[in-house]
2 protein chains.
Amino acid sequence: MNWKEKLASNGHRITQAREQMMRLLSQTQVPLSPMQIHSALREQGSKMGLVSVYRNLNLLMDYDLVCMLVAPDGNAGYVAGGTGHHHHILCKVCQSSAIFDECEDFSELISKIEAQTQFVVGDHFLQFYGLCPQCQETYV
Amino acid sequence: MNWKEKLASNGHRITQAREQMMRLLSQTQVPLSPMQIHSALREQGSKMGLVSVYRNLNLLMDYDLVCMLVAPDGNAGYVAGGTGHHHHILCKVCQSSAIFDECEDFSELISKIEAQTQFVVGDHFLQFYGLCPQCQETYV
DNA sequence: CCCTTATTGATAGTATTTTTCAATAAGGAT
DNA sequence: ATCCTTATTGAAAAATACTATCAATAAGGG
């Protein structure tokens, strides 16, 4: 089920604004702020308002169609979301991101955490930082 | 080396504002926003300005004396930082947090990520969400 | 106790996000 | 294809979050 079906089957409309945003985000590896998304789309001739960017980001987040990433400096940005459980790695130099779905089996770690903290463990947020292939060439 | 020594040995002063912030944060499990920190301290009679909260949060972050956590809804908040490499688990209901230092050995996962993404992997941000002991009683 | 200067609070300024509301367009019904 | 309903939109304004500036203060070495 692609993103259009996902939205449509939940009673949401496939609008130009949403198509433009999804296209931009899936073409971009670098996490974009709402403002950056707005500027990029205006430059491409879109008439979309910044408010719609915020609204649609919220909607797309609800359906896991976009992901929020946190840069090393704490700034947040959005990228197109992969399907299913996955995580991102972010280049410390150029901010470019990549998806990996090889998610470790955390069951052993979760047992330790539950023993140590008395919490019942649910889901998690895991993100790696590193150097992308291009920046390896440039900086190593 | 406690936080006072850490700051002092780097030429920073141990001010009332910093003592108040560190005391508040180490007494609180729930991540607090800059605004919440400011309000809480004013209620306790402090004359600190909101601006100093921001400035000192930045400073304390630089020395890993406080940590920024990301709530499930994406909101950020600050807690007193543990020593050394550690992670947090956050209660989905009451936002209360706990520290765990049993950090899995990620070397195998890192190899997989590097193979899959061609990135060189550096550090990571890992945070769990779950239910704290109190909320387990209330909601289960 | 004095002196230097990092730190502070207040004010003002900028950036970010949310609210409101009439106009528009998506898409099912006709 | 055209109409109708209403989710969605853009614009303007309001609310919130964060940063810059600067004179006054207080931390801490001498």
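Keep in mind that the numbers below use all heavy atoms, side chains included, and drop hydrogens, waters and symmetry copies. The chains referred to below are lettered A, B, ... by the order of the sequence lines, with proteins before strands, and numbering in each begins at 1.
For residues 8-33 of chain A, proximity to DNA chain D is found at A:His12, A:Arg13, A:Thr15, A:Ala17, A:Arg18, defined as any non-hydrogen atom under 4.0 angstrom from a strand atom. Listed by residue number, the members of residues 36-62 of chain B with any heavy atom below 4.0 angstrom from DNA chain D are B:Val51, B:Tyr54, B:Arg55.
Side-chain contact between B:Thr83 and B:Asp101 is absent, with no heavy atoms from C-beta onward closer than 4.5 Å. Residues A:Leu32 and A:Leu24 are in side-chain contact: their nearest non-hydrogen atoms beyond the backbone lie under 4.5 Å apart.
Every residue two or more places apart in sequence or in another chain that forms a ring-ring contact (aromatic ring centres under 6.0 Å, His included) with A:Phe125 is listed here: B:Phe125. Among residues two or more places apart in sequence or in another chain, the side-chain hydrogen bond (donor to acceptor under 3.5 Å, both in side chains) test is passed with A:Asp123 by B:Lys92. With sequence neighbours excluded, no residue forms a side-chain hydrogen bond (donor to acceptor under 3.5 Å, both in side chains) with A:Gln29. Residues satisfying the side-chain hydrogen bond (donor to acceptor under 3.5 Å, both in side chains) criterion with B:Ser46, sequence neighbours excluded, are B:Gln20. For B:Tyr78, the ring-ring contact (aromatic ring centres under 6.0 Å, His included) test picks out no residue, with sequence neighbours left out.
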Please write out each protein N/O paired with an N/O of nucleotides 13-15 of chain C under 3.5 Å, distance rounded to 0.1 Å.
none

Could you provide the dot-bracket string of DNA chain D, using ( ) for intrastrand pairs, [ ] for crossing pairs and | for bases paired to another strand, with Watson-Crick or G-U pairs below 3.5 Å?
||||||||||||||||||||||||||||||
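The hydrophobic side chain of A:Val30 is isolated, with no ILVMFWY side chain under 4.5 Å apart from it. Membership of the apolar cluster around B:Ile110 extends to A:Ile89, A:Phe100, A:Phe106, A:Leu109, A:Ile110, A:Ile113, A:Phe119, A:Val121, A:Leu126, A:Phe128, B:Ile89, B:Phe100, B:Phe106, B:Leu109, B:Ile113, B:Phe119, B:Val121, B:Leu126, B:Phe128, as traced through chained side-chain contacts below 4.5 Å between ILVMFWY residues.
The backbone N or O of B:Lys47 lies less than 3.5 Å from a partner atom in the side chain of B:Arg42, making a donor-acceptor pair.
Under the 4.5 Å side-chain heavy-atom criterion for Ile, Leu, Val, Met, Phe, Trp and Tyr, A:Leu69 and B:Val70 are members of the same hydrophobic cluster.
Residue pairs meeting the ring pair (Phe, Tyr, Trp, His ring centres under 6.0 Å) criterion with at least one member in residues 36-56 of chain B: none, sequence neighbours excluded.
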